[in-house]
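Notes follow the structure.
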Amino acid sequence: MALQDIQQRSSTVREYDAGLRAYMLKIYNYMAGGLILTGLIALYSAQSEALLSAMYNVQSNAVVGMKPLGWVVTFAPLALVMFLSFGLRKMSLATAQLSYWFYAALMGLSLSTIFLAFTGESITRVFFITAGTFGGMSLYGYTTRRDLTGLGSFMTMGLIGLIIASLVNMFLKSNGMQFVLSVIGVLVFVGLTAFETQKLKQLYYQLDNEGESTGKIVILGALTLYLDFINIFMQLLYLFGDRRR
């Protein structure tokens with residue numbers, strides 16, 4: 001009897017492990033798909049004079065001002081993130097999926113200007129640095145037995161402070177302050193990557209794995225990790241990117 005119990009428990013553990021891997025793989029696949037879509041649209045937009053001129057005032061391949069459409073493209077992703085985060089429970093899975101891809105596309109339009117400000121070589125280099133950093137911290141969050149709740153709370157407080165300081169620096173326009181904020185930003189989002197990966201892993205055991213709710217959590221998890229990746233990339237790009245002259 002004891003042997004049967006052990007075998008049943010072992011089988012259950014294997015099923016959970018396989019299910020967890022499939023669940024996390026879906027999250028990473030959605031995240032990677034979003035990043036690819038964002039990158040392709042950003043690259044295309046940067047090479048389209050019609051799109052750039054519709055969004056920005058461009059002189060000598062440099063953005064010198066924003067047009068109304070540019071402001072919409074800049075702030076629409078924030079509104080869509082809030083829509084996804086707070087309205088996820090009420091929307092269908094198909095709506096959540098469509099909203100995620102639409103968000104990734106909007107981010108591509110918003111990030112098109114980095115190809116005007118930085119060299120393609122440095123963008124590629126920083127992307128791979130970001131991928132390595134993100135991958136390492138996400139793996140740590142997935143495998144560690146340490147409870148990262150305290151780290152997550154601390155990093156969330158740091159994120160709030162970072163947002164406030166960034167808004168202040170929009171008026172001060174201090175390069176020194178921006179450098180400090182970028183360093184802090186990397187640390188904050190690196191920490192959040194580990195914490196949120198662990199949180200997504202723990203959440204799996206609380207889900208109805210055959211219900212639509214799991215699909216929605218996959219979308220929200222992909223969005224969360226996507227945002228961590230993008231923010232790490234942007235902060236590192238400011239620190240290490242080579243600007244066009």
Side-chain angles (χ1 to χ4, degrees), residues 16-17 19-21 23-28 30-32 34-35 75 77-91 96 99-100 103-104 107 129-170 177-209 213-239:
Y16 265 112
D17 287 345
L20 175 61
R21 286 194 295 270
Y23 158 81
M24 293 299 297
L25 185 60
K26 287 180 182 178
I27 292 175
Y28 288 124
Y30 267 105
M31 186 201 79
L35 290 173
F75 289 102
L78 176 60
L80 196 54
V81 164
M82 295 178 66
F83 172 72
L84 269 169
S85 300
F86 295 105
L88 187 67
R89 291 185 178 180
K90 296 181 180 179
M91 68 179 68
S99 298
Y100 173 76
Y103 173 81
M107 283 297 293
I129 293 173
T130 303
T133 303
F134 175 90
M137 291 308 297
S138 190
L139 180 63
Y140 171 74
Y142 184 83
T143 58
T144 185
R145 295 183 179 181
R146 177 187 173 189
D147 185 0
L148 300 180
T149 303
L151 175 67
S153 300
F154 182 74
M155 290 302 169
T156 301
M157 292 173 60
L159 177 59
I160 294 172
L162 184 66
I163 292 172
I164 294 172
S166 297
L167 290 174
V168 171
N169 200 43
M170 288 179 63
M177 185 174 181
Q178 182 59 53
F179 179 85
V180 173
L181 290 176
S182 294
V183 173
I184 295 173
V186 171
L187 297 176
V188 166
F189 286 105
V190 162
L192 285 174
T193 296
F195 163 69
E196 286 163 350
T197 300
Q198 185 182 77
K199 183 178 177 181
L200 287 169
K201 178 183 176 181
Q202 293 172 343
L203 188 59
Y204 169 77
Y205 298 103
Q206 305 171 22
L207 295 173
D208 174 11
N209 296 321
S213 60
T214 301
K216 294 180 182 180
I217 293 300
V218 165
I219 296 296
L220 186 60
L223 176 63
T224 300
L225 295 181
Y226 170 98
L227 287 171
D228 289 337
F229 189 102
I230 289 292
N231 279 286
I232 295 171
F233 170 73
M234 292 302 297
Q235 303 301 339
L236 287 177
L237 187 61
Y238 180 86
L239 293 172

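Not measured: the values here are computed from a predicted model.
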- Message: Tell me which pairs pass ring-ring contact (aromatic ring centres under 6.0 Å, His included) where either residue lies in residues 137-162, with sequence neighbours left out.
- Response: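 Listed once each, the pairs would be none.
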Residue pair [X] / [Y], side-chain heavy-atom distance below 4.5 Å:
X      : Y      : result
Met234 : Phe189 : no
Met91  : Leu88  : yes
Ile232 : Ile129 : no

- Those residues at least two apart in sequence (or on a different chain) that pass side-chain hydrogen bond (donor to acceptor under 3.5 Å, both in side chains) with Thr133 are none
- Among pairs that include at least one residue of residues 186-202, which meet side-chain hydrogen bond (donor to acceptor under 3.5 Å, both in side chains), considering only residues two or more places apart or in two chains?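 Residue pairs passing side-chain hydrogen bond (donor to acceptor under 3.5 Å, both in side chains), neighbours aside: Ser138-Thr197.
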- Task: Enumerate the residue pairs fulfilling side-chain hydrogen bond (donor to acceptor under 3.5 Å, both in side chains) with a member in residues 145-167, sequence neighbours excluded, ordered by first and then second residue.
- Result: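 Passing the test, one end in residues 145-167: Asp147-Thr149.
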Could you pull out the closest heavy-atom pair between [X] and [Y], with the gap in Å?
X      : Y      : value
Gly34  : Ala104 : O-CB, 3.6 Å
Asn231 : Leu227 : ND2-O, 2.7 Å
Ser99  : Leu80  : O-CD2, 3.5 Å

To the nearest 0.5 Å, tell me how far [X] [atom1] sits from [Y] [atom2].
X      : Y      : atom1 : atom2 : result
Leu139 : Phe134 : CG    : CZ    : 11.0 Å
Ser85  : Leu223 : OG    : CG    : 6.0 Å
Met137 : Leu225 : CE    : CG    : 12.5 Å
Ile27  : Ile219 : CD1   : CD1   : 9.5 Å
Lys26  : Tyr23  : NZ    : OH    : 10.5 Å
Leu203 : Thr214 : CG    : OG1   : 8.5 Å

Please list, chain by chain and in numerical order, all residues satisfying side-chain contact (heavy atoms from CB on, under 4.5 Å) with [X], sequence neighbours excluded.
X      : answer
Ala165 : Met177, Leu181
Leu187 : none
Leu25  : Asn29

- Within the side chain of Tyr100, is there an N or O that forms a donor-acceptor pair under 3.5 Å with the backbone of Tyr30? yes
- Message: Evaluate Ile160 against Met157 for side chain to side chain contact (heavy atoms under 4.5 Å, CB included), listing each step before the verdict.
- Response: CA-CA 5 Å; Ile160 294 172; Met157 292 173 60; 5.6 Å; no
- Can you sort out the partners of Tyr103 under ring pair (Phe, Tyr, Trp, His ring centres under 6.0 Å), two or more places apart, ordered by chain and number?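 With sequence neighbours excluded, Tyr103 shows a ring pair (Phe, Tyr, Trp, His ring centres under 6.0 Å) to Tyr226, given in chain and number order.
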- Item | Residues in ring pair (Phe, Tyr, Trp, His ring centres under 6.0 Å) contact with Tyr238, at least two apart in sequence or another chain | none
- Sequence neighbours excluded, every pair satisfying salt bridge (charged side-chain N to carboxylate O under 4.0 Å, His left out) that has a member inside residues 148-167: none
- Do any pairs count as a salt bridge (charged side-chain N to carboxylate O under 4.0 Å, His left out) and have a residue in residues 181-190, sequence neighbours left out, and if so which ones? none
- Task: Under the salt bridge (Lys or Arg N to Asp or Glu O under 4.0 Å) rule, collect the residues that match up with Lys216, sequence neighbours excluded.
- Result: Glu212
